[in-house]
Amino acid sequence: MPLALMAVPVMLALVFVTTTDGLDLLRFSILLLVFAGASLAFIQARHEKRARRWLLVPEFLTAIMWLQFGLLPWFSILLGENRTSVDLLVRALVYTMVGMFAFWAGALLVRKPARVMPLTAESPDRGRYRLAVGCAIYLIGFAVKVYLLQRGIFAYTSDLDLRNSAISSLGPLEALAQCATLGLIIIAIEHFSDLRNRTSRTIFWIVFVSECGWGLVSGMKEFILQNFVFVAIIASFKLRKLPVRWIVALPVLLVLLYPITNAYRDVIRGQTSIGVRSVTDANEALGLATQNLRQNNSADEVRQGALKSALSRLDELEDFGTLISTENAAGFLEGDERLWMIPIYPFIPRAIWKSKPILDMGRRASVFLGSTDKSSSAVSPLADGYLKGGFAGLVCGMLVWGVFAERLTNLVLRSSRSRDLFMYSAVFLVSTNREVCLFNFWVAVLQTFVIAFVVTYLVYPRSNSGQHQSMARS
């Protein structure tokens with residue numbers, strides 16, 4: 001069904017849910033079904049038949065938004081886990097659907113059909129060069145992570161006082177730490193370009209396991225899961241099929257990691273906190289976390305707690321509804337950052353820009369939503385757009401996001417070069433982040449894009465531009 005035809009059932013559903021009192025669950029369910037139908041209509045309108053389409057930014061975002069802002073909140077309502085009224089959730093879901101229609105419109109506005117590039121064999125020397133440079137880039141990121149860990153300012157293991165005192169140098173260091181991720185992407189591209197190459201295969205698995213280990217040390221689930229996402233994207237394009245095992249591993253790992261990371265965080269920042277300054281310290285903390293988890297909970301309690309934690313963490317609709325329905329939310333969450341600062345914010349050091357704003361809207365949102373200033377709550381681009389500009393701000397923000405998402409996707413749909421796959425993979429996660437405000441979102445996109453662009457010219461020089469590798473067209 002063309003996307004335009006979905007306007008009729010959507011309008012009828014909106015009229016029903018906005019003019020009917022009571023029947024909250026029924027109204028939410030109807031909206032959820034209409035949201036699903038509109039999402040499928042958008043995906044169908046893009047005419048992307050290949051299995052890899054679920055790893056294209058617009059399709060991925062469409063599916064994940066329906067899941068986090070629709071299906072999971074519906075399950076929360078059924079299980080009685082929702083903390084806000086269903087009527088408020090209905091309103092929030094209406095706003096989400098309007099935002100997604102703006103996103104889809106932006107994506108379709110700049111949509112270009114995919115094309116198949118001619119396949120050209122590459123010299124083995126080029127592959128060896130890229131593998132060597134990829135390893136060098138990874139080692140830079142690895143060394144920076146070791147330094148951050150030893151200084152006590154690495155991810156969730158950070159000492160908050162030390163982190164605040166090192167704020168002026170933290171930005172450049174964390175940018176350099178991204179080299180580890182970029183190195184993994186380069187090495188994965190070489191590995192999946194030639195699965196028979198034992199050298200690239202061995203290096204890939206060493207780096208992949210190393211990055212997953214750093215994810216565990218960090219106490220951040222996303223630092224582990226992102227490695228599987230990168231590999232799934234690259235494998236889908238290089239192997240010409242959907243990498244089912246890598247994709248299925250994501251939700252399974254997510255549920256399994258919740259009790260472990262929660263227990264690990266309690267050990268690090270709890271009453272008997274353990275300072276983590278080395279991999280040995282992290283191993284000790286993980287062992288103690290596992291021991292506490294076994295002693296204090298039965299297997300059934302661990303499983304139920306993991307599922308509830310995953311459901312609560314992934315449900316984005318409740319916080320969105322609370323933020324858009326509270327009159328003083330915009331004033332409370334407003335910081336010193338302004339949208340005009342986005343083009344310059346990532347590139348001016350805090351040592352030069354003395355009054356450079358600290359991006360802590362997540363912390364302020366946590367306090368506003370009733371938690372502590374030691375944690376962070378998600379303020380989605382949807383919510384931030386509405387808080388900044390009302391309904392028009394929500395629509396404009398999502399429209400621009402849709403245009404950008406489609407432009408990024410066109411990069412790999414119309415090229416078979418490894419350099420374009422590298423750029424797409426490097427920017428994929430920041431361009432699909434639903435848990436940061438508009439300012440943080442575009443700053444992260446710009447910073448990652450520039451870093452990846454520089455690395456691209458180092459790893460894939462323009463002299464190779466005529467050389468094309470095979471990419472998925474399944």
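Taking all atoms of both residues into account, the shortest heavy-atom contact from Ile187 to Ser200 is CG2-O, 4.5 Å. The minimum heavy-atom distance between His191 and Arg201, with the atom names listed, is ND1-CA, 3.4 Å. Ile189 and Lys238 make their closest contact through CG2-CE, 3.9 Å (heavy atoms, listed as atom of the first residue, atom of the second, distance). Taking all atoms of both residues into account, the shortest heavy-atom contact from Met361 to Leu333 is CE-O, 3.6 Å. Taking every heavy atom of both residues into account, Ala92 and Gly321 meet most closely at CB-CA, 3.7 Å. Taking both residues in full, the closest heavy atoms of Lys356 and Ile348 are given as NZ-O, 2.8 Å, listed atom of the first, atom of the second, then distance.
Tyr95 meets the ring pair (Phe, Tyr, Trp, His ring centres under 6.0 Å) test with Tyr386, Phe391; sequence neighbours excluded. With sequence neighbours left out, the side-chain contact (heavy atoms from CB on, under 4.5 Å) criterion links Leu148 to Val144, Ile153, Phe154, Leu170, Leu173, Ala177. Taking Val443 as the reference, Ile342, Tyr345, Pro346, Phe439 meet the side-chain contact (heavy atoms from CB on, under 4.5 Å) condition, with sequence neighbours excluded. Every residue two or more places apart in sequence or in another chain that forms a ring pair (Phe, Tyr, Trp, His ring centres under 6.0 Å) with Phe332 is listed here: Phe368.
Side-chain N or O atoms of Arg434 include one that pairs as donor or acceptor with a backbone N or O of Thr432 at under 3.5 Å. Under a 3.5 Å cut-off, the side chain of Trp401 and the backbone N or O of Ser431 do form a donor-acceptor pair. Judged purely by atom type and a 3.5 angstrom limit, Asp159 uses its side chain to pair as donor or acceptor with the backbone of Leu162. Gln68 places a side-chain N or O within donor-acceptor distance of the main-chain N or O of Leu314, the cut-off being under 3.5 Å. With hydrogens and angles ignored, the 3.5 Å screen pairs a side-chain donor or acceptor of Arg338 with a backbone N or O of Gly335. A donor-acceptor pair under 3.5 Å links the side-chain atoms of Asp281 to the main chain of Arg277, judged by distance alone. The main-chain N or O of Ala155 is found under 3.5 Å from a side-chain atom of Ser158 such that the two form a donor-acceptor pair. Not one N or O on the side chain of Ser366 forms a donor-acceptor pair closer than 3.5 Å with the backbone of Gly362. Remark: side-chain polar atoms of Ser210 are not paired, donor with acceptor, to backbone N or O of Ile206 under 3.5 angstrom. Counting only distance, with no hydrogens or angles, the side chain of Arg419 and the backbone of Tyr460 share a donor-acceptor pair below 3.5 Å.
At a threshold of 4.5 Å between non-hydrogen side-chain atoms, the residues Leu288 and Tyr264 do not count as touching. The side-chain heavy atoms of Phe69 and Leu382, taken from C-beta on, include a pair separated by under 4.5 Å. The side-chain heavy atoms of Val427 and Phe404, taken from C-beta on, include a pair separated by under 4.5 Å. Contact check for Thr199 versus Ile203: side-chain heavy atoms found under the 4.5 Å cut-off. Side-chain atoms of Glu318 and Leu89, non-hydrogen and from C-beta on, do get closer than 4.5 Å to each other. Taking 4.5 Å as the limit, every side-chain heavy atom of Ser380 sits out of range of all side-chain heavy atoms of Glu435. The shortest distance between side-chain heavy atoms of Ile358 and Arg350 falls below 4.5 Å. You'll find the side chain of Leu71 reaches within 4.5 Å of the side chain of Leu32, heavy atoms only.
Side-chain polar atoms of Trp104 and Thr62 form a donor-acceptor pair below 3.5 angstrom.
Between Glu190 and Arg126, none of the side-chain N atoms (NZ, or NE/NH1/NH2) sits under 4.0 Å from a carboxylate O, so this pair counts as no salt bridge.
Rounding to the nearest 0.5 angstrom, the gap separating the CG atom in Leu239 from the CG atom in Leu195 is 5.5 Å. Taking CD1 of Ile64 as the start and CG of Leu61 as the end, the distance is 8.5 Å to the nearest 0.5 Å.
A ring-ring contact (aromatic ring centres under 6.0 Å, His included) with Phe60 is found for exactly one of Tyr424, Trp66, Trp54, Phe428, namely Phe428.
In summary, the aromatic rings of Phe208 and Trp205 are positioned with their centroids under 6.0 Å apart.
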Please assess Leu317 against Phe28 for the test side-chain contact (heavy atoms from CB on, under 4.5 Å), listing each intermediate value before the final yes or no. CA-CA 12 Å; Leu317 194 66; Phe28 192 95; 3.5 Å; yes
Evaluate Thr181 against Tyr138 for side-chain hydrogen bond (donor to acceptor under 3.5 Å, both in side chains), listing each step before the verdict. CA-CA 7 Å; Thr181 298; Tyr138 176 76; over 6 Å; no
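Annotation: cation-pi geometry satisfied between Arg265 and Tyr156 (NZ/CZ under 6.0 angstrom from ring centroid, within 45° of ring axis).
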Listing, residues 223-233 side-chain donor-acceptor contacts under 3.5 Å, not counting sequence neighbours, or none:
unit_1	atom_1	unit_2	atom_2	d
Asn227	ND2	Phe223	O	3.1
Asn227	ND2	Ile224	O	3.3

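Annotation: salt bridge (Lys or Arg N to Asp or Glu O under 4.0 Å) contacts involving residues 67-76, sequence neighbours excluded, are absent.
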